[in-house]
Protein chains: 2
Amino acid sequence: MGIARPQKSGKDFGARRWQGGGVGADIRALRKSRAITLGELADKLGRSVGFVSQIERGISHPSIDDLRTIAKLFGVPLSFLFGEHQRDPLGSRFVVRAGARRQLGSTEGGLIEELLSPDLSGSFEIIRSEFLPGSALAQPVRRNTEEAGYVVSGKLEIEIGGEWHVLDKGDSFRFFGEPYRWRNRGKVPAVLIWVIAPPTY
Amino acid sequence: MGIARPQKSGKDFGARRWQGGGVGADIRALRKSRAITLGELADKLGRSVGFVSQIERGISHPSIDDLRTIAKLFGVPLSFLFGEHQRDPLGSRFVVRAGARRQLGSTEGGLIEELLSPDLSGSFEIIRSEFLPGSALAQPVRRNTEEAGYVVSGKLEIEIGGEWHVLDKGDSFRFFGEPYRWRNRGKVPAVLIWVIAPPTY
DNA sequence: ATCGTGAAAAAATCGTTGAATATTTCACCA
DNA sequence: TGGTGAAATATTCAACGATTTTTTCACGAT
């Protein structure tokens, strides 16, 4: 065996490197993260499987309407599918500048989520979450994932597996598939770095 | 299929929950991360396989000398294998307080690494790295891992796959198995949250 | 032309099965 | 008690066929 445990099939690494900055790769990542097939996606889009395959590989190009449907389907802002990508002409495929992050969910609920990696590929998801003052996640949610977080600034209360904790700057956590919820009762936003594996988006 | 993609065998989740706060689990995690077997570890220790198995499960207890050997073998400070664990009597198994992190590597080289998760288990490693002013990693290193980082404070220069970048507060990066190195030419320490999958420790 | 389809070809995934390895259990020794 | 060694158990891994998924591409419609 080589170094450390292999990722999956071993050739995953190279396979990640995509052509240019197509939306295709993003769509594929989103689709994979929900574990749905080309066929299913094609159905929802009312398009053929072959065509969707081509879209994901950047050979064919989806209509704006298709993009809209896709964005809605996966719950990401339409802007996410758009150029945010390589907009920085000097941009490297490795780094994401503080001002150039792609937003993930919707802003409502007082939670702002931004992607810290250049794209959606990879075995985990690293996100910058900003919890606005007064915001809260009312009902606990449970995902079948491993999640970890680090408080960059502010203060956040979080309930994990039934235990409430008040996290201050510098505190961190990690849990496996426990139900959790949070609230920010402070006066300032709480900023967390949140890591989720495998990715959910 | 349940929610999202399963981790690996599916029962990984529960299997993580260990008894008390034994060093055993840590030793096992360290050993697994290097992909060596009980037999190999037993050899280095001059102990039997059965015994080492028992140590890892908290049934038998290693001597101080054994611990020393193990720590050296895995390149972690001896303190790591000691109590740092559940020292906080109120401590949850989910959260790690800013002041109660376990140190990882050695401090030399101007790099301070601290574990942000409660233990070494899981499919990724989340670390707080502090790069002291003037410190640098002279030679690029390459690991067969997926790595991502976020600059919490300070400024860090990092070379990834041959490209140098100056990262400021809020900048982030992600790469797959590229060779990298770094240097902090600033006057203040650079603090990064660094995520590595799979874990290397 | 360009956009998109449909179906054949290719590839990746999944469920077994069996051999080889790794780990746990436990009776017993120092 | 601390530890061994070997039998019992569990896990890993490769090989294989059967599906399922994805890609390719010739062709029809606009």
Side-chain angles (χ1 to χ4, degrees), chain A residues 1-19 22-70 121 123 198, chain B residues 1-2 4-16 18-19 22-70 121 123 198:
Chain A
M1 198 187 290
I3 308 171
R5 287 167 254 162
Q7 275 284 77
K8 210 167 194 179
S9 78
K11 84 169 186 216
D12 251 2
F13 270 18
R16 300 263 181 231
R17 247 179 258 145
W18 281 90
Q19 35 78 31
V23 277
D26 287 327
I27 296 174
R28 170 152 298 181
L30 285 165
R31 178 173 64 78
K32 291 285 187 189
S33 81
R34 310 296 166 80
I36 71 177
T37 99
L38 269 180
E40 294 174 270
L41 179 54
D43 274 359
K44 311 248 189 192
L45 252 44
R47 292 270 127 98
S48 73
V49 173
F51 184 48
V52 178
S53 164
Q54 289 170 168
I55 287 176
E56 292 192 347
R57 287 172 301 131
I59 295 169
S60 290
H61 308 286
S63 71
I64 310 296
D65 261 7
D66 288 339
L67 284 182
R68 226 191 297 277
T69 308
I70 291 171
S121 67
S123 66
Chain B
M1 198 186 291
R5 289 166 253 164
Q7 274 285 76
K8 208 167 195 178
S9 78
K11 83 173 190 211
D12 251 3
F13 270 16
R16 300 266 180 226
W18 282 91
Q19 35 79 31
V23 278
D26 287 328
I27 296 175
R28 170 153 298 183
L30 284 165
R31 178 172 66 76
K32 291 285 188 189
S33 81
R34 310 297 165 81
I36 71 178
T37 91
L38 269 181
E40 293 174 270
L41 179 53
D43 273 0
K44 311 249 190 193
L45 253 42
R47 293 269 127 99
S48 72
V49 173
F51 184 48
V52 178
S53 163
Q54 289 170 169
I55 287 176
E56 292 192 347
R57 285 172 303 130
I59 295 169
S60 289
H61 305 287
S63 72
I64 309 297
D65 261 6
D66 288 339
L67 283 182
R68 228 190 297 278
T69 307
I70 292 170
S121 67
S123 65

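Labels below follow one simple rule: chain letters A, B, ... track the order of the sequence lines, proteins then strands, and each chain is numbered from 1. Only this structure's heavy atoms are used, side chains among them; waters, hydrogens and symmetry mates stay out.
- Residue contacts for A:Thr37: at a heavy-atom cut-off of 4.0 Å it reaches the sugar-phosphate backbone alone, with no base atom in range.
- Taking side-chain N and O atoms only, B:Lys32 has a distance below 4.0 Å to OP1 or OP2 of C:dT23.
- B:Asp43 has its CG atom 12 Å from the P atom of D:dG5, to the nearest Å.
- To the nearest angstrom, P of D:dT21 lies 13 Å from CG of A:Leu41.
- Place A:Gly50 and A:Glu40 on DNA chain D by their nearest nucleotides, and A:Glu40 ends up nearer the 5' end.
- As a whole-Å value, the separation of B:His61 NE2 from D:dG3 P is 10 Å.
- Side-chain N/O atoms of B:Arg28 include one lying less than 4.0 angstrom from OP1 or OP2 on C:dT24.
- Considering only the side chain of A:Gln54, C:dT5 comes nearest among D:dT23, C:dT5, C:dT23.
- Across the protein-nucleic acid pair, B:Ile27 atom CD1 and C:dT23 atom P stand 14 Å apart, rounded to whole Å.
- Counting only N and O atoms by type, the side chains of B:Ser63 and B:Asp66 include a donor and acceptor under 3.5 Å apart.
- Looking at the side chain of B:Ser53, the nearest of the listed nucleotides C:dT24, D:dT22, D:dG3 is C:dT24.
- For the pair B:Arg47 and D:dG5, the criterion of a side-chain N or O lying under 4.0 Å from OP1 or OP2 is not met.
- Note on B:Arg31: every side-chain N or O is 4.0 Å or more away from OP1 and OP2 of C:dA22.
- Residue A:Phe51 places its side chain closer to C:dT5 than to any other of C:dT5, D:dT4, D:dT23.
- Between the side chain of A:Arg47 and the main chain of A:Ala42, no donor-acceptor pair closer than 3.5 Å is present.
- Nearest heavy atom pair, residue A:Arg28 against residue A:Ser53, reads NH2-O, 4.4 Å.
- Between the CD1 atom of A:Ile59 and the P atom of C:dC3 there is a distance of 13 Å, rounded to whole Å.
- B:Leu45 has its CG atom 16 Å from the P atom of D:dG2, to the nearest Å.
- Residues B:Arg31 and B:Leu38 have side chains in contact (heavy-atom distance under 4.5 Å, counting atoms from C-beta outward).
- If you measure from atom CD of A:Glu56 to atom C1' of D:dT22, you get 9 Å, rounded to the nearest angstrom.
- Considering only heavy atoms from C-beta on, B:Leu41 comes within 4.5 Å of B:Ile27 through its side chain.
- Looking at the side chain of B:Val49, the nearest of the listed nucleotides C:dT24, C:dT5, D:dT24 is C:dT24.
- A straight line from CZ of A:Arg57 to C1' of C:dA11 spans 12 Å, rounded to a whole angstrom.
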